[in-house]
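In this text, all values refer to a predicted model and were calculated from it rather than measured experimentally.
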Amino acid sequence: PWMILFYREGEKMKKFTIDLFVNNRFGVLNRITGLYCKRGYNIESIQAGPTEIPGCTKIEIVSTGDDYMRTQVISQLEKLYDVLSEMDGE
């Protein structure tokens with residue numbers, strides 16, 4: 001089925017960045033990108049790399065959307081078990 005997204009009149013689409021610190025385990029990146037996919041949101045850029053903390057990876061995601069989309073993505077990411085912390089890079 002096709003998904004049609006309706007943006008509220010007057011809402012401005014803008015780029016935003018979310019930085020995540022996650023457990024370095026298999027399937028974590030797939031669950032994060034699946035969260036975006038299920039909601040029909042777009043990832044413009046994604047980067048992942050090691051941190052100084054063993055077993056922890058930093059993921060930076062750049063997306064475009066309105067404020068409602070940003071708050072929905074952040075609240076859903078916080079619910080994922082392997083997400084240790086999240087920072088809104090706005």
Trainee: Out of curiosity, does Leu35 fall in the hydrophobic cluster containing Tyr41 (side-chain heavy atoms, cut-off under 4.5 Å, transitive links)?
Mentor: yes
Trainee: To the nearest 0.5 Å, what is the distance between OG1 on Thr17 and CD on Gln47?
Mentor: 9.5 Å
Trainee: Among Lys15, Glu44, Arg70, Lys14, which residue satisfies the side chain to side chain donor-acceptor pair (under 3.5 Å) criterion with Thr64?
Mentor: Glu44
Trainee: Which value, rounded to the nearest 0.5 Å, describes the distance between Gln72 atom CD and Leu77 atom CG?
Mentor: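 One finds 11.0 Å between CD of Gln72 and CG of Leu77.
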Trainee: Any chance you could measure Leu29, atom CG, to Asp82, atom CG, to the nearest 0.5 Å?
Mentor: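 Those atoms lie 11.5 Å apart.
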Trainee: At what distance, to the nearest 0.5 angstrom, does CD1 of Ile32 lie from CD1 of Ile59?
Mentor: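 Answer for the CD1-CD1 pair, Ile32 versus Ile59, is 4.0 Å.
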Trainee: Is there side-chain contact between Arg31 and Tyr81, with at least one heavy-atom pair below 4.5 Å?
Mentor: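 No, every pair of side-chain atoms sits at 4.5 Å or beyond.
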Trainee: I'd like to know whether Tyr36 forms a side-chain contact (heavy atoms from CB on, under 4.5 Å) with Ser63, so could you lay out the CA-CA distance, the side-chain angles of the two residues, the decisive distance to 0.1 Å, and finally the verdict.
Mentor: CA-CA 10 Å; Tyr36 276 80; Ser63 299; 3.2 Å; yes
Trainee: Check each of Leu20, Val22, Thr51 against Lys58 using the side chain to side chain contact (heavy atoms under 4.5 Å, CB included) test, and report the only one that passes.
Mentor: Thr51
Trainee: Measure the CD1-CD1 distance between Ile18 and Ile61 for me, rounded to the nearest 0.5 Å.
Mentor: 6.0 Å
Trainee: Drop me the distance from Asn23's CG to Cys56's SG, to the nearest 0.5 angstrom.
Mentor: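 One gets 7.0 Å once the value is rounded to the nearest 0.5 Å.
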Trainee: Going hydrophobic residue to hydrophobic residue with side-chain gaps under 4.5 angstrom, can you get from Val62 over to Met69?
Mentor: no
